[in-house]
Chemist: 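This is the structure I want to talk about, given as structure tokens.
Read the numbers this way: they start at 1 and go in the same order the structure lists the ligands and their atoms. Please read these numbers as outputs of a predicted model, since none were measured by experiment.
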Amino acid sequence: MCGIVGYIGDKDVSSVLMSGLWKLEYRGYDSSGIAVIDDGDLKVRKSFGKLMQLQELLQREPVGGSLGIGHTRWATHGEPSDQNAHPQTDCNGKIAVVHNGIIENYYTLKEELIKRRHIFKSTTDTEVIAHLVEEEFRGDLKEAVLKAVEKLKGSFAIAVISEDQPDRIVAYRKGSPLIIGLGRNENLLASDIPAVIGHTKEVVILEDDEMAVLKKDGVEFYTKDGERIEKQVQEVPWKPDDMDKGGFPHYMLKEIYEQPEVIRRNISLRIRNKKIDLGENFNFTPDELARVNRIIIQACGTSWHAGYIGKYLLEDIARVHTEVDISSEFRYRNPVVNGETLVIAISQSGETADTLAGIREAKAKFLRVLSIVNVLGSTIARESDGVIYINAGPEIGVASTKAFTAQVFNVYMFTLYLARLKWTIQKEEMLKRLSELEGLPDAIERILKRDDVIRGIAERFKDKKHFLFLGRGINYPTALEGALKLKEISYIHATGYPAGELKHGPLALVDENMPVVAIATRSSVYEKMLNNLEEVKSRGGVVISVVTEGDERAKAVSDYTIEVPDVPEYLSPIVNAVPLQLLAYHIAALNGRDVDKPRNLAKSVTVE
Ligand code: F6R
């Protein structure tokens, strides 16, 4: 949601800002804009709609200069329009602001500013910031921004420029992500690393209530009281190519195909000398983990499905009572906890507002929080007591794929680690389970080689209006994930159910127009699953099953099958998710959907 970029240096400023905005496009937006200081004048170009519209505007009305800020807006206050697009400016059109987040007290501030004769051009909350900076400006933009920020309530990351101090960009963070990219004779800022990676690998992650003043030859950092501070510079281990589609038609497909590599990378990072290593940010001692007697996993969407699989793993293998909650419910539900309760937050982006609020709720109850996160240095990672990074690399497609399988992999690693501390598995069993992991990347590769079979099934079913996804046991959440993937990118209604629930209601829906996608691989609930599929078949239902390679019995109760390699049951969600991702992808692509940026959705949901 909302993306911010900023650049100061010798390159063509509008091109650098635009390329940054293209990289942030995945976050979701409905309008965009840039502001630059060109020949001493502040110039703003902004447009409702896609970035292409802004690009065309810039071709018609080009701007130059050596510094500027840019923004992709996801409307919260005020409808999507040219006027409400950022940057927003002050009364004199000398100060421009871009903002990600929400100003909660904007209404009161706006009323006061109007009384003081400020003239508003938009219905955004952001515009109040431009007018506040205008009131406080006495020749020093940094001081003016610090004073303006004191009056703001809510969450925000902002970048501000002024034609009266045309050698700097002032940025401030409180609650919404903001990183600074350090270059040679150029510096950048952005909401996320992808926007700067083409220019530099050296980044500084701003903490809440920190400010950065970017000049061409350096960046200074300050506290909210204006005290100068030193910040740690981090090297980002990404290559610029990580951000490309690599010859695939969509990021989502590329990311599905990256899964063998992601799992390989995780195996090499997490298993060292036949022992589990949860990484240098893990921060939990064996003693405190051994005492944990209850776990609450909280997350949203796909990450919640990964957490749900975690419940099956943690209870079965580590024998720890585990609840799994959707963050937007968890944060308001006042759960019963005790001093030995561990809260686990799972998030790809590390910025999801509800998951973050769940962490804060947990901390208010003095609970320890472990997060399982993809994005390095994200807010969720920083606010947790310990972090397990899932090492999936940048995920650009809005529909999460490789992050899901990497989340499940890392939840499994944590489970085994905890199980050893709790003595619920012996060393030999642990070693056996670790060695089983080696076959996982190849198993995924084998499924990817059958992509044409899956595409064929997608062609056959792409016009259906409803789908039912069924699974049992540890693959019930996998079925939920399959249904979510399909609905979010194809806009086809899909719902996931535990197969045992069929006869308690959903069986009434089954007919030839409601394809049933079933996970029927060999498992402890295999026989039960086949019975459920018989029920569907005898009601005239059409069954598409994910089955274990060579399993003739499962094929006999299915109309279409996708074969997957035989893997141990606790690894099966990682393998079984892949054909469901491909099925959703092909159905959406064949229907001409905007696969990487489905309507109404954003990659990083930073508002409640
Ligand atoms: C679906 C999807 C979303 C996210 C959810 C949580 O494909 O990507 O359901 O899983 O918005 O996002 P994170 O994991 O960033 O907290």
Side-chain angles (χ1 to χ4, degrees), residues 1 26-28 74 176-177 191-194 250-253 255-256 259 297-310 324-331 343-359 369 371-384 387-390 392-408 410-411 469 477-492 494 496 577-578 580-585 587-588 593-608:
M1 304 198 137
Y26 73 92
R27 296 166 72 86
W74 171 279
S176 298
S191 300
D192 201 354
I193 293 168
H250 295 101
Y251 283 111
M252 181 180 175
L253 192 60
E255 287 158 6
I256 292 173
Q259 291 176 108
I297 301 177
Q298 56 109 6
C300 304
T302 289
S303 299
W304 179 72
H305 296 152
Y308 209 147
I309 292 166
V324 52
D325 218 339
I326 289 176
S327 301
S328 54
E329 291 299 314
F330 173 74
R331 64 182 289 190
V343 171
I344 301 182
I346 306 183
S347 175
Q348 186 286 129
S349 62
E351 300 295 344
T352 302
D354 282 320
T355 312
L356 183 57
I359 291 176
V369 178
S371 64
I372 299 181
V373 170
N374 192 29
V375 178
L376 191 81
S378 52
T379 313
I380 287 178
R382 284 181 299 104
E383 292 204 13
S384 304
V387 189
I388 302 175
Y389 283 111
I390 63 167
E395 191 180 63
I396 310 290
V398 163
S400 189
T401 52
K402 61 175 179 170
F404 173 72
T405 43
Q407 285 167 344
V408 176
N410 279 283
V411 171
F469 282 71
T478 320
L480 295 180
E481 174 59 7
L484 176 62
K485 282 293 86 90
L486 182 63
K487 72 184 126 187
E488 69 176 324
I489 58 168
S490 71
Y491 318 151
I492 293 171
V578 178
L580 303 186
Q581 295 166 347
L582 285 168
L583 184 66
Y585 169 78
I587 290 178
R593 303 294 188 225
D594 192 352
V595 174
D596 286 331
K597 296 186 285 306
R599 68 185 181 200
N600 308 337
L601 299 180
K603 183 70 182 162
S604 181
V605 186
T606 50
V607 294
E608 186 176 355

Chemist: Could you tell me the residue and atom name of the protein heavy atom closest to atom 11 (O) of ligand 1, and the distance to it rounded to 0.1 Å?
Modeler: Val605 CG2, 4.1 Å

Chemist: Distance only, no hydrogens: is a donor on one side chain within 3.5 Å (strictly under) of an acceptor on the other, for Ser384 and Ser371?
Modeler: yes

Chemist: Ser303 and Ser347: which non-hydrogen atoms are nearest, and at how many Å?
Modeler: OG-CA, 3.8 Å

Chemist: Is there a side-chain contact between Thr302 and Leu484 (heavy atoms, below 4.5 Å)?
Modeler: yes

Chemist: Which of the numbered atoms in ligand 1 are below 4.0 angstrom from a heavy atom of Lys485?
Modeler: 1 (C), 7 (O)

Chemist: Among all protein heavy atoms in this structure, tell me which lies nearest to atom 15 (O) of ligand 1, with the distance rounded to 0.1 Å.
Modeler: Ser349 OG, 2.6 Å

Chemist: Any luck finding a side-chain donor-acceptor pair between Thr405 and Gln259 under 3.5 Å?
Modeler: yes

Chemist: For ligand 1, which is the ligand I care about here, please tell me if Gln407 has any N or O atom under 3.5 Å from one of the ligand's N or O atoms.
Modeler: no

Chemist: Got the closest protein heavy atom to atom 7 (O) of ligand 1, with its distance?
Modeler: Glu488 OE2, 2.4 Å

Chemist: Below a 4.0 angstrom heavy-atom separation, can you tell me which part of Glu351, side chain or backbone, both or neither, approaches ligand 1?
Modeler: neither

Chemist: Please answer whether the main-chain N or O of Pro394 pairs with a side-chain N or O of Lys402 as donor and acceptor at a distance below 3.5 Å.
Modeler: yes

Chemist: Looking only at protein heavy atoms, which one is nearest to atom 4 (C) of ligand 1, and how far off is it?
Modeler: Thr302 N, 4.0 Å

Chemist: Measure the distance from atom 6 (C) of ligand 1 to every protein heavy atom, then report the residue, atom name and distance (to 0.1 Å) of the closest one.
Modeler: Cys300 O, 3.3 Å

Chemist: Spell out, as yes or no, whether a donor-acceptor pair under 3.5 Å connects the side chain of Glu351 to the backbone of Ser378.
Modeler: no

Chemist: Give a yes/no verdict on whether any heavy atom in Val398 is under 4.0 Å from an atom of ligand 1.
Modeler: yes

Chemist: Does the side chain of Asn374 come under 3.5 Å of the side chain of Gln348 through a donor N or O and an acceptor N or O?
Modeler: yes

Chemist: Below 3.5 angstrom, do we get any N/O pair linking Thr352 and ligand 1?
Modeler: yes

